[in-house]
Number of protein chains: 2
Amino acid sequence: MSEKIIEAQDIILGRVNQICRKLGLNNVMAQLYTINYLNDKPMSLDSMVERLKISKGSVSVNIRALERYGAVRKVWVKGSRKDYYEAETDIIRVIMDRVKSLARDRISEAGSMLTVSYDTINNGNQSDKEEQEEADKFRNKLDMLKKLHQKAQYMLDLLNSDILNNMLNIKNIKGDEKESSAANA
Amino acid sequence: MSEKIIEAQDIILGRVNQICRKLGLNNVMAQLYTINYLNDKPMSLDSMVERLKISKGSVSVNIRALERYGAVRKVWVKGSRKDYYEAETDIIRVIMDRVKSLARDRISEAGSMLTVSYDTINNGNQSDKEEQEEADKFRNKLDMLKKLHQKAQYMLDLLNSDILNNMLNIKNIKGDEKESSAANA
DNA sequence: TATATCGTTTAGAATGTTCTAAACGATGCG
DNA sequence: CGCATCGTTTAGAACATTCTAAACGATATA
């Protein structure tokens with residue numbers, strides 16, 4: 001690969017690194033995805049090691065995580081018994097799938113948490129009037145959280161709906177200069 | 001505060017901790033926000049220290065970060081010269097503001113990154129035909145990223161639009177049992 | 001079967017982060 | 001003033017993570 005291309009790619013890799021730092025994401029995974037996305041040919045583990053200058057063990061672990069998330073695919077290359085990978089080019093889908101998966105788990109966990117917390121506060125035999133008042137106020141807070149929980153569930157349903165997905169796919173972007181139909185070669 | 005309430009709150013605090021672990025968020029900030037949200041009265045630094053069993057320095061730093069993000073407010077309490085805080089109860093707004101702020105910065109940075117990468121690849125005088133072909137393929141990838149960048153900008157505009165915000169506020173939740181008007185005491 | 005070439009696993013080093021205790025500066029109050 | 005009570009800052013300890021090199025196991029090939 002030419003020096004110019006490597007230089008231009010490294011600019012992107014550097015930015016990816018910064019983004020991961022800021023957002024608390026796994027840098028190796030992000031960079032692995034990036035080079036697979038930018039490269040035209042499927043890449044072997046060794047070529048990724050060479051490209052990013054990291055250990056093979058790290059590549060092995062993180063590329064499989066990417067595969068699990070549907071971000072890269074293992075592809076067969078004739079005449080080689082190495083593993084080759086290529087990136088799923090629909091980045092938005094990759095991200096949305098991950099976000100939805102995380103959100104679904106969190107919402108589910110929050111639901112059972114609320115149940116347990118309700119039970120705990122209700123199983124008390126408050127003799128004191130002061131304490132009873134406190135408990136009522138806390139129950140009000142739990143009710144607010146319950147509403148929030150339902151709203152989160154609603155938002156997740158929205159993410160899963162066709163409406164949003166169609167918007168993200170079909171909607172033409174301002175300044176697209178009539179080349180959208182010619183671009184899908 | 002009664003034991004029952006503390007127990008019920010701790011269930012929530014435990015879950016908050018797990019969520020932070022999974023999503024790579026700052027646990028102290030999240031727990032500080034949580035107790036301020038759950039408590040009816042504004043809290044002093046000392047009461048937060050006592051409640052979460054963490055150092056005052058940590059509370060000091062993190063509560064100010066929360067204040068900067070608009071998640072808590074400093075409030076005046078008569079007859080005390082301590083600082084008291086109370087939580088902004090519109091959690092969705094707090095989260096959305098933070099997400100939008102992060103997204104805006106990342107999108108802006110990505111834009112300049114693409115410019116630099118374009119410049120780098122274009123400033124080469126490719127004599128080799130092979131290299132020129134490689135460069136063209138790479139430019140195609142950059143074009144794809146440019147499209148993605150525009151789409152991200154479009155999504156951010158959508159987040160800032162009234163449409164989405166109205167949906168999140170007005171839309172009644174399924175199973176709301178006609179109590180929505182009576183609830184805002 | 002012996003050997004070479006893969007990908008995977010893992011112990012421990014290197015690195016980052018998060019927390020606390022103590023020092024510090026500021027401010028109110030007698 | 002001098003003391004007491006705040007919130008803030010910081011050096012370093014405690015903790016968690018990420019990475020690597022090397023050992024390992026599996027598989028193809030001769």
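Reckoned from all heavy atoms, side chains included, excluding hydrogens, waters and symmetry mates. Everything numeric in this text was worked out from a predicted model, so none of it was measured. Chain A is the first sequence line, chain B the second, and so forth, proteins listed ahead of strands; every chain is numbered from 1.
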So which heavy atom on A/Y33 is nearest to which on A/L66, and how close? N-CD1, 3.7 Å
In a table with atom names and distances, give each donor-acceptor pair under 3.5 Å that connects a side chain of residues 99-106 of chain A to protein atoms at least two apart or in another chain.
unit_1: A/R106; atom_1: NH1; unit_2: A/E109; atom_2: OE1; d: 3.2
unit_1: A/R106; atom_1: NH1; unit_2: A/E109; atom_2: OE2; d: 2.8

How many whole angstroms separate atom CE of A/M48 from atom C1' of D/dC19? 18 Å
Compute whether any side-chain donor of one residue and acceptor of the other, for A/S55 and A/S58, lie under 3.5 angstrom apart. no
Could you tell me the separation between the CH2 atom of B/W76 and the P atom of D/dG7, rounded to a whole number of Å? 16 Å
Using whole Å, what does the distance between atom P of nucleotide C/dA21 and atom NZ of B/K53 come to? 13 Å
Heavy-atom closest pair (A/S161 atom, A/L158 atom, distance to 0.1 Å) is OG-O, 2.6 Å
Heavy-atom contacts, protein to nucleotides 11-16 of chain C, under 4.0 Å, summarised as B (base), S (sugar-phosphate only) or - (none) per nt, yield ------
note: A/N27, atom CG; D/dT18, atom P; distance rounded to Å ~ 10 Å
Please identify each residue that fulfils salt bridge (Lys or Arg N to Asp or Glu O under 4.0 Å) with B/D40, with sequence neighbours left out. A/K137
B/M96-A/L156 co-clustered via ILVMFWY side chain contacts under 4.5 Å: no
Just the table, please: protein N/O against nucleotides 8-10 of chain D N/O, every pair under 3.5 Å.
unit_1: D/dT8; atom_1: OP2; unit_2: B/S60; atom_2: OG; d: 2.6
unit_1: D/dT8; atom_1: O5'; unit_2: B/S60; atom_2: OG; d: 3.4
unit_1: D/dT9; atom_1: OP2; unit_2: B/R64; atom_2: NH1; d: 2.9
unit_1: D/dT9; atom_1: OP2; unit_2: B/R64; atom_2: NH2; d: 3.0

Pick base, sugar-phosphate or nothing for A/V59, based on heavy-atom distances below 4.0 Å to the nucleic acid. nothing
With a 3.5 Å cut-off and sequence neighbours excluded, list the donor-acceptor pairs that the side chains of residues 70-77 of chain B form with protein atoms.
unit_1: B/R73; atom_1: NH1; unit_2: B/E88; atom_2: OE1; d: 3.0
unit_1: B/K74; atom_1: NZ; unit_2: B/D83; atom_2: OD2; d: 3.4

Classify the side-chain pair A/N122/A/R139 by whether it contains a donor and acceptor separated by less than 3.5 Å. yes
Of all the heavy-atom pairs spanning B/N27 and B/C20, show the shortest one and how long it is. CA-SG, 3.7 Å
Please walk me through it: do B/R21 and B/Q18 pass side-chain hydrogen bond (donor to acceptor under 3.5 Å, both in side chains)? CA-CA 5 Å; B/R21 192 68 58 88; B/Q18 289 179 354; over 6 Å; no
Rounded to whole angstrom units, what separation is found between the CD1 atom of B/I54 and the P atom of D/dC15? 16 Å
Between D/dT18 (P) and A/L32 (CG): distance, integer Å: 14 Å
Identify whether the distance between the nearest side-chain nitrogen and carboxylate oxygen of A/R93 and A/D97 falls below 4.0 Å. yes
Atom CG of A/N62 and atom P of D/dT18 are separated, to the nearest Å, by 10 Å
When the distance from CG of A/N26 to C1' of D/dA16 is rounded to whole Å, what number comes out? 15 Å
Atom pairs, protein N/O to nucleotides 3-5 of chain D N/O, distance under 3.5 Å:
unit_1: D/dT5; atom_1: O4'; unit_2: B/R81; atom_2: NH2; d: 3.2
unit_1: D/dT5; atom_1: O2; unit_2: B/R81; atom_2: NH2; d: 3.4

